[in-house]
Amino acid sequence: MKKTALITGILGQDGAYLAKLLLEKDYQVYGLIRRYTNPNYSNLDYLGVTDDIEYVSGDMNDEASLMNIIKLTTPNEVYNLAAQSFVGSSWDQAKLTTEVNSLGVLYLLNAIRFFSPRSKFYQASTSEMFGNSSSKGIQTEETPFHPRSPYAISKLYAHWMTVNFKESYGLFCTSGILFNHESPIRGIEFVTRKITDGIARIKLGLAKEIRLGNIESKRDWGFAGDYVEAMWLMLQQKEPDNFLISTGINHSIKDFLEIAFGRVGIKDWKKYIKIDPRYKRPAELFVLQGKSDKAHRKLGWKPKVKFEELVKMMVDADIKRLG
Ligand code: NAP
Ligand code: F7E
């Protein structure tokens, strides 16, 4: 019998990489998608897995649809990747962000509790929950949380609800605290992809500049393909636990710009960048850098793709796509 997994957020970056990984491991993959007149399968198409997934229709805001899906599929594993995941928009759409990212998770956990209590559950938690709180600038599983955006607050609710369902009902609930991870199918509004897409446009004569906000921020950027392996490993453990997943190295947006522009032979990248206050946030996270020793030790997980390789991969993919 094939193992079965339900992925929410399957049309997003991580959903697509995780679906590919699970299909390679011979899982039957169910993908929850919202109702659209024209759904966008481009990420799954990019990885060549669109036709191998069984789609189920539902919405994180619709409790009954989640109950129905869990009852019908009773999957061995549930990966909850669905979210309003863009921090910048979460100030403008705080209620929606909370409904999807917080209450949606409560609905899904209840559906599992009532209709499939043996399903193992993965919650997509985030380094954003730490805010600027860290000891010596490096975060671990023990670092206190201090969320600084409606997105981070909504995720912290879901994080603790996941812990609470484990402690209250004995369900196999895990939470992966993942740091930023990127790829050629990263959403276009996130800073890395905005830059690589912008560079491809500049190189091809389709644009003259890239408008950015705070380019002093530092992030611990890894490759999404590596990070979905950690998600899967978390659900293969005997006991549920939470893990921090990161590369352990941070870089500034300026570093990213230098390497990315360098890839297309442009050294004086500053002349293509315009600082635009519209892209600055009401509250910023200045530095994120995670220590994932626990994941190395207990899961045997380590990131494979290095920062430079990731940046070049993204630039090359955007040049190819637009060219
Ligand atoms: P993403 O590309 O933005 O994908 C999110 C997915 O959630 C989209 O496919 C979206 O569906 C779906 N979704 C949104 N609202 C929904 C709703 N009401 N009902 C059902 N589905 C809904 O995000 P990602 O980068 O793959 O990240 C995956 C998860 O990890 C997210 O929960 C994110 O918050 C979390 N996370 C990401 C990172 C990172 O660096 N990437 C780091 C830490 C945590 P549509 O396609 O229909 O819009
Ligand atoms: O911003 C700065 C911005 O939007 C990174 C999500 O996956 O990772 C992601 O959240 C930094 C911030 O990612 C622009 O102010 C400057 O300091 O790429 P981002 P994020 O906010 O770190 C975490 C772990 C998640 O959980 C989230 O779901 O870049 N920045 N100028 C800009 N950011 C954007 N988007 N656009 C700019 O023009």
Side-chain angles (χ1 to χ4, degrees), residues 7-18 31-36 38-44 56-62 65-66 69 79-90 93 96-97 99-101 103-105 107-108 122-130 147-149 151-152 154-155 158-159 175-183 185-195 198 210-224 227-228 231 244-246 252-254 256-257 273-288 290:
I7 303 177
T8 72
I10 194 148
L11 301 182
Q13 170 188 257
D14 291 7
Y17 276 100
L18 180 64
L32 183 148
I33 55 172
R34 300 193 260 182
R35 195 256 150 206
Y36 279 110
N38 292 307
N40 181 353
Y41 294 96
S42 59
N43 291 342
L44 296 166
V56 286
S57 176
D59 194 300
M60 295 304 288
N61 275 329
D62 188 312
S65 72
L66 299 180
I69 288 167
Y79 295 88
N80 181 39
L81 309 184
Q84 190 304 90
S85 71
F86 188 46
V87 176
S89 294
S90 73
Q93 299 176 24
L96 175 85
T97 303
E99 283 168 352
V100 177
N101 298 4
L103 291 180
V105 181
Y107 302 156
L108 189 53
Y122 173 86
Q123 168 58 18
S125 285
T126 166
S127 49
E128 288 287 311
M129 300 186 310
F130 294 124
R148 273 169 66 82
S149 64
Y151 168 79
S154 72
K155 283 285 185 174
H159 179 79
S175 201
I177 306 175
L178 270 54
F179 282 58
N180 299 53
H181 45 280
E182 322 291 311
S183 73
I185 56 170
R186 179 61 143 153
I188 204 87
E189 73 270 64
F190 298 95
V191 76
T192 54
R193 184 76 198 290
K194 184 174 171 181
I195 292 170
I210 307 173
R211 303 185 84 86
L212 296 173
N214 172 25
I215 61 171
E216 304 299 330
S217 300
K218 291 184 175 169
R219 290 291 184 272
D220 180 333
W221 280 295
F223 171 53
Y227 284 39
V228 297
M231 296 177 189
L244 186 156
I245 301 297
S246 66
S252 66
I253 295 172
K254 285 179 174 167
F256 194 100
L257 284 163
I273 300 300
K274 297 279 171 306
I275 301 301
D276 186 334
R278 280 183 303 165
Y279 298 110
K280 292 197 171 163
R281 296 177 178 176
E284 182 59 275
L285 300 200
F286 305 113
V287 184
L288 284 174

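All ligand and atom numbering here is 1-based and tracks the order in the structure.
- Between Gly213 and ligand 2, a contact under 3.5 Å exists for at least one N or O pair.
- Heavy-atom distances between Phe286 and ligand 2 stay at or above 4.0 Å for every pair.
- Of the possible donor and acceptor atoms, one in the side chain of Gln13 sits under 3.5 Å from a partner among the backbone N and O of His181.
- Nearest to atom 28 (O) of ligand 2 among the protein's heavy atoms is Ser85 O, 2.7 Å.
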Phe256 and Arg219: CA distance, side-chain angles, deciding distance, side chain to side chain contact (heavy atoms under 4.5 Å, CB included) verdict: CA-CA 10 Å; Phe256 194 100; Arg219 290 291 184 272; over 6 Å; no

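- Scanning the protein heavy atoms around atom 4 (O) of ligand 1, the nearest turns out to be Gly12 CA, 3.4 Å.
- Of the N or O atoms in Ser127, none lie within a sub-3.5 Å distance of an N or O in ligand 1.
- Checking side-chain atoms of Ser65 against main-chain N and O of Asp59 turns up a donor-acceptor pair under 3.5 Å.
- For atom 46 (O) of ligand 1, the choice among Leu81, Leu11, Val228, Asn101 with the nearest heavy atom turns out to be Leu11.
- A cation-pi contact, defined as under 6.0 Å to the ring centre and within 45° of the axis, links Arg281 to Phe86.
- Atom CG in Asn180 sits 7.0 Å away from atom OG1 in Thr126 (nearest 0.5 Å).
- Protein heavy atom in closest approach to atom 37 (C) of ligand 2: Lys194 NZ, 3.8 Å.
- In this structure, Ala224 does not count as a contact residue of ligand 1, since none of its heavy atoms falls inside 4.0 Å of the ligand.
- Regarding atom 20 (C) of ligand 1, its nearest protein heavy-atom neighbour is Arg34 CG, 3.5 Å.
- Going from atom CG of Leu244 over to atom OG of Ser125 covers 10.5 Å, rounded to the nearest 0.5 Å.
- For ligand 2, none of its N or O atoms has an N or O atom of Tyr279 under 3.5 Å away.
- A donor-acceptor pair under 3.5 Å is absent between the side-chain atoms of Lys155 and the main chain of Ser85, judged by distance alone.
- Taking a cut-off of under 4.0 Å to the non-hydrogen atoms of Ser125, the atoms of ligand 1 that pass are 43 (C), 44 (C).
- Two rings, from Tyr41 and Tyr36, have their centers 6.0 Å or more apart.
- Nearest to atom 33 (N) of ligand 2 among the protein's heavy atoms is Val191 CB, 3.5 Å.
- Within the 4.0 Å heavy-atom criterion, neither part of Phe86 lies near ligand 1.
- Remark: Glu216 does not engage Lys280 in a salt bridge, criterion side-chain N to carboxylate O under 4.0 Å.
- Atom 43 (C) of ligand 1 has its closest protein heavy atom at Leu178 O, 3.1 Å.
- Between the side chains of Thr97 and Ser90, no donor N or O sits under 3.5 Å from an acceptor N or O.
- Taking atom 37 (C) of ligand 1 as the reference point, the nearest protein heavy-atom neighbour is His181 CE1, 3.9 Å.
- For a threshold of 3.5 Å applied to N or O pairs, the pair formed by Ile215 and ligand 2 contains no separation below that value.
- The single protein non-hydrogen atom nearest to atom 27 (O) of ligand 1 is Asp14 OD2, 3.7 Å, given as residue, atom name and distance.
- Counting heavy atoms under 4.0 Å from ligand 1, residue Val100 touches it through the side chain alone.
- Between the Thr8 side chain and the Ala82 main chain, a donor and an acceptor come within less than 3.5 Å of each other.
- Proximity to Met60 (heavy-atom distance under 4.0 Å) selects the following atoms of ligand 1: 17 (C), 18 (N), 19 (N), 20 (C).
- For a threshold of 3.5 Å applied to N or O pairs, the pair formed by Gln84 and ligand 1 contains no separation below that value.
- With values rounded to the nearest 0.5 angstrom, Leu257 atom CG is found 4.5 Å from Ile273 atom CD1.
- Under a 4.0 Å criterion applied to the non-hydrogen atoms of Tyr36, ligand 1 contributes the atoms 45 (P), 47 (O), 48 (O).
- Judged purely by atom type and a 3.5 angstrom limit, Arg148 uses its side chain to pair as donor or acceptor with the backbone of Glu284.
- Heavy-atom contacts of Val87 reach the following atoms of ligand 2: 10 (O), 21 (O) (cutoff under 4.0 Å).
- When hydrogens are left out, the protein atom nearest atom 36 (N) of ligand 2 is Glu189 O, 3.8 Å; that is the closest non-hydrogen contact.
- Scanning the protein heavy atoms around atom 15 (O) of ligand 2, the nearest turns out to be Glu284 OE2, 2.6 Å.
- Close approach of ligand 1 to Asn180 (heavy-atom distance below 4.0 Å) involves ligand atoms 40 (O).
- Residue contact check: Phe86 has heavy atoms under 4.0 Å from atoms 4 (O), 35 (N) of ligand 2.
- Looking at Ser85, Gly9, Ser57, it is Ser85 that brings a heavy atom closest to atom 1 (P) of ligand 1.
- Atom 33 (C) of ligand 1 has Tyr151 OH, 3.6 Å as its closest protein atom, hydrogens excluded (heavy atom only).
- Using a 4.0 Å heavy-atom cutoff, Tyr227 is absent from the residues neighbouring ligand 1.
- Among Ile210, Asn180, Asn214, the residue whose heavy atom lies nearest to atom 13 (O) of ligand 2 is Asn180.
- Nearest non-hydrogen protein atom to atom 30 (O) of ligand 1 is Ala124 CB, 3.4 Å.
- Taking a cut-off of under 4.0 Å to the non-hydrogen atoms of Asp59, the atoms of ligand 1 that pass are 17 (C), 18 (N), 19 (N).
- Using a distance-only test at 3.5 Å, with no hydrogens or angles considered, a donor-acceptor pair links the side chain of Arg193 to the main chain of Arg186.
- In terms of heavy-atom proximity, Tyr122 sits nearest to Leu178 at OH-CD1, 3.4 Å.
- Compare Arg186, His181, Glu128 by their heavy atoms: the one nearest to atom 7 (O) of ligand 2 is in Arg186.
- Here's the thing with Ser127: none of its N/O atoms is less than 3.5 angstrom from an N/O atom of ligand 2.
- The protein heavy atom nearest to atom 5 (C) of ligand 1 is Ala83 O, 3.7 Å.
- Remark: ligand 1 atoms within the under-4.0 Å shell around heavy atoms of Thr126 are 43 (C), 44 (C).
- From the protein, the heavy atom lying nearest to atom 4 (O) of ligand 2 is Arg281 NH2, 2.8 Å.
- Summarising the geometry, atom CD1 belonging to Ile177 is positioned 4.5 Å from atom CZ belonging to Phe130; distances are rounded to the nearest 0.5 Å.
- Arg278 and Asp276 are joined by a salt bridge, as a carboxylate oxygen and a charged side-chain nitrogen come within less than 4.0 angstrom of each other.
- Ligand 1 lies out of reach of Glu99, whose nearest heavy atom is not under 4.0 Å from it.
- Checked by atom type and distance alone, the side chain of Asn101 pairs as donor or acceptor with a backbone atom of Gln84 at under 3.5 Å.
- Heavy-atom separations between Ile253 and ligand 2 include at least one value shorter than 4.0 Å.
- Nearest non-hydrogen protein atom to atom 12 (C) of ligand 2 is Arg219 NH2, 3.4 Å.
- In this structure, Arg186 is part of the shell of residues with a heavy atom less than 4.0 angstrom from ligand 1.
- Residue Ser217 approaches ligand 2 through these ligand atoms, each under 4.0 Å from one of its heavy atoms: 12 (C), 17 (O).
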